Amino acid sequence: MGICLSARIKAEIPSHTGLDSKHVSSDGNDVSIDLSKRPSVPPTPRSEGEILQFANLKSFSFFDLKTATRNFRPESVIGEGGFGTVYMGWIDEHTYAAAKPGTGVVVAVKRLKAESCQGHREWLAEVKYLGQLYHPNLVRLVGYCLEDEHRLLVYEFMPRGSLENHLFRRGLYFQPLSWHLRMKVSFGAAKGLAFLHETKVIFRDFKTSNLLLDSNYNAKLSDFGLAKDGPTGDKSHVSTRVTGTDGYAAPEYVATGHLTAKSDVYSFGVVLLEMLSGRQAVDRNRSSGERNLVDWARPYLTKKRKISRVLDNRLEGQYSLDSAFKVSTLAFRCLSIEPKLRPTMDEIVNELEPLQHPSKQTRSSRSSSSSTDRRSRRYKFRCSSRQ
């Protein structure tokens, strides 16, 4: 990774970015640091003052972040979003004070738009959850700034940007993800969601743009602005206003505003289907029958002979038919109209774990291919014998 902002970095980093465990020191070498780990305890409702008081985060001054991002200059911009603008910045790895570009640790600094009222609620939600929860598959929030009208968040930097970019952007820096990497990303994302559900948190906005990749393609959930505490006691759901992204939200949540952990499972199924197909959840450039990915693909997912219609043709030869069928049927179950029929995230993790061994899948693929070749040769021999 270079020590200054480049066109490549601008292209790779989405509006939701976060500090990689490796970064560049002043001599250009990779340096590993261990940010303070936070207790993995479920969040409880608190006032704004209590959330800020108990968050295990660095409180930055606005001057620090202004200096770290070189006065928020346009050349430091690495993303834009509804929340605001994301800048690349540099901080000292020990003191977290602003550092010169190319020294210390590179971070992503998200600055809230001054006029955004909803943005403040989302800003506070991120501090609430990421200030308490730590997991390898959640992006790390390093700290925040709350000073006068200024509200900013400082994340770990994720060098490979979002899954959305790697699946749907075309260009030199976005080569198609291999089957193995897609399985790795889905496995990491599933573990992140399973952890949240274990701590009674519903993510509510799971989608490809909120799934970030580090230098080794490890997936981390980002953007907790819409996250909610799950139901407690004998309650079956949380009632909330419907929000999120078209194509990813569970149908029962859209219809009723009733939010459960199974709402996240549905969204996971959509993203898993996007990884299988290389298509976006909603693509208005396609014909009317193919615009909604779930509606178009659902009839093929449980038919082994028809799943090739769904699979991304850029993945040809990288997987066995058995592996692809396992993933497609898993996606189908996640996308069940009836929430009770969807698997839990723990079950999904267990089903994806065996698919993390590419050598076994390759052998299986070769075996399947050899078997197909043998059947083809026998068929040709019988045909020639009859002539």
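For clarity, every value in this text was computed on a predicted model and none was experimentally measured.
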Apply the test side chain to side chain contact (heavy atoms under 4.5 Å, CB included) to residues Asn137 and Phe195: give CA-CA distance (whole Å), side-chain angles for both, the deciding distance (0.1 Å), then the verdict.
CA-CA 9 Å; Asn137 297 110; Phe195 169 76; over 6 Å; no
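- Considering all non-hydrogen atoms of both residues, Gln318 and Ser178 come closest at OE1-CA, 3.2 Å.
- Atom CD of Glu316 is surrounded by 12 or fewer heavy atoms from other residues, nucleotides or ligands within 6.0 Å.
- If you check the side chains of Arg160 and His166, you find no donor sitting under 3.5 Å from an acceptor.
- A donor-acceptor pair under 3.5 Å is formed between the side chain of Arg73 and the backbone N or O of Arg70.
- Between Phe203 and Phe206, the ring planes lie perpendicular to each other; the angle is over 60°, past the 30° to 60° tilted range.
- Taking CG from Leu177 and CG from Leu163, the interatomic distance works out to 6.5 Å, rounded to the nearest 0.5 Å.
- Remark: side-chain polar atoms of Asp92 are paired, donor with acceptor, to backbone N or O of His94 under 3.5 angstrom.
- The pair Glu122-Lys110 fails the salt-bridge criterion, with no side-chain N (NZ, NE, NH1 or NH2) lying under 4.0 Å from an Asp/Glu carboxylate O.
- Side-chain contact annotation: Arg204 with Thr240, donor-acceptor N/O pair under 3.5 Å present.
- Ring geometry for His258 against His237 counts as parallel: the plane angle stays under 30°, on a 0 to 90° scale with 60° as the upper cut.
- A distance of 10.5 Å separates OH in Tyr253 from OG in Ser239, rounded to the nearest 0.5 Å.
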Let me check something: any side-chain donor-acceptor pairs from residues 57-68 under 3.5 Å, sequence neighbours excluded? List them with distances.
from, atom 1, to, atom 2, distance (Å)
Ser61, OG, Asp64, N, 3.0
Ser61, OG, Asp64, OD2, 3.2
Thr67, OG1, Phe63, O, 2.9

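- Geometric assessment of Arg279 against the ring of Trp296 yields a positive cation-pi assignment under the 6.0 Å and 45° thresholds.
- For CD of Glu353, the number of neighbouring non-hydrogen atoms (other residues, nucleotides, ligands) closer than 6.0 Å is greater than 12.
- A distance of 5.0 Å separates CG in Leu130 from CZ in Phe224, rounded to the nearest 0.5 Å.
- Under a 3.5 Å cut-off, the side chain of Glu93 and the backbone N or O of Gly104 do not form any donor-acceptor pair.
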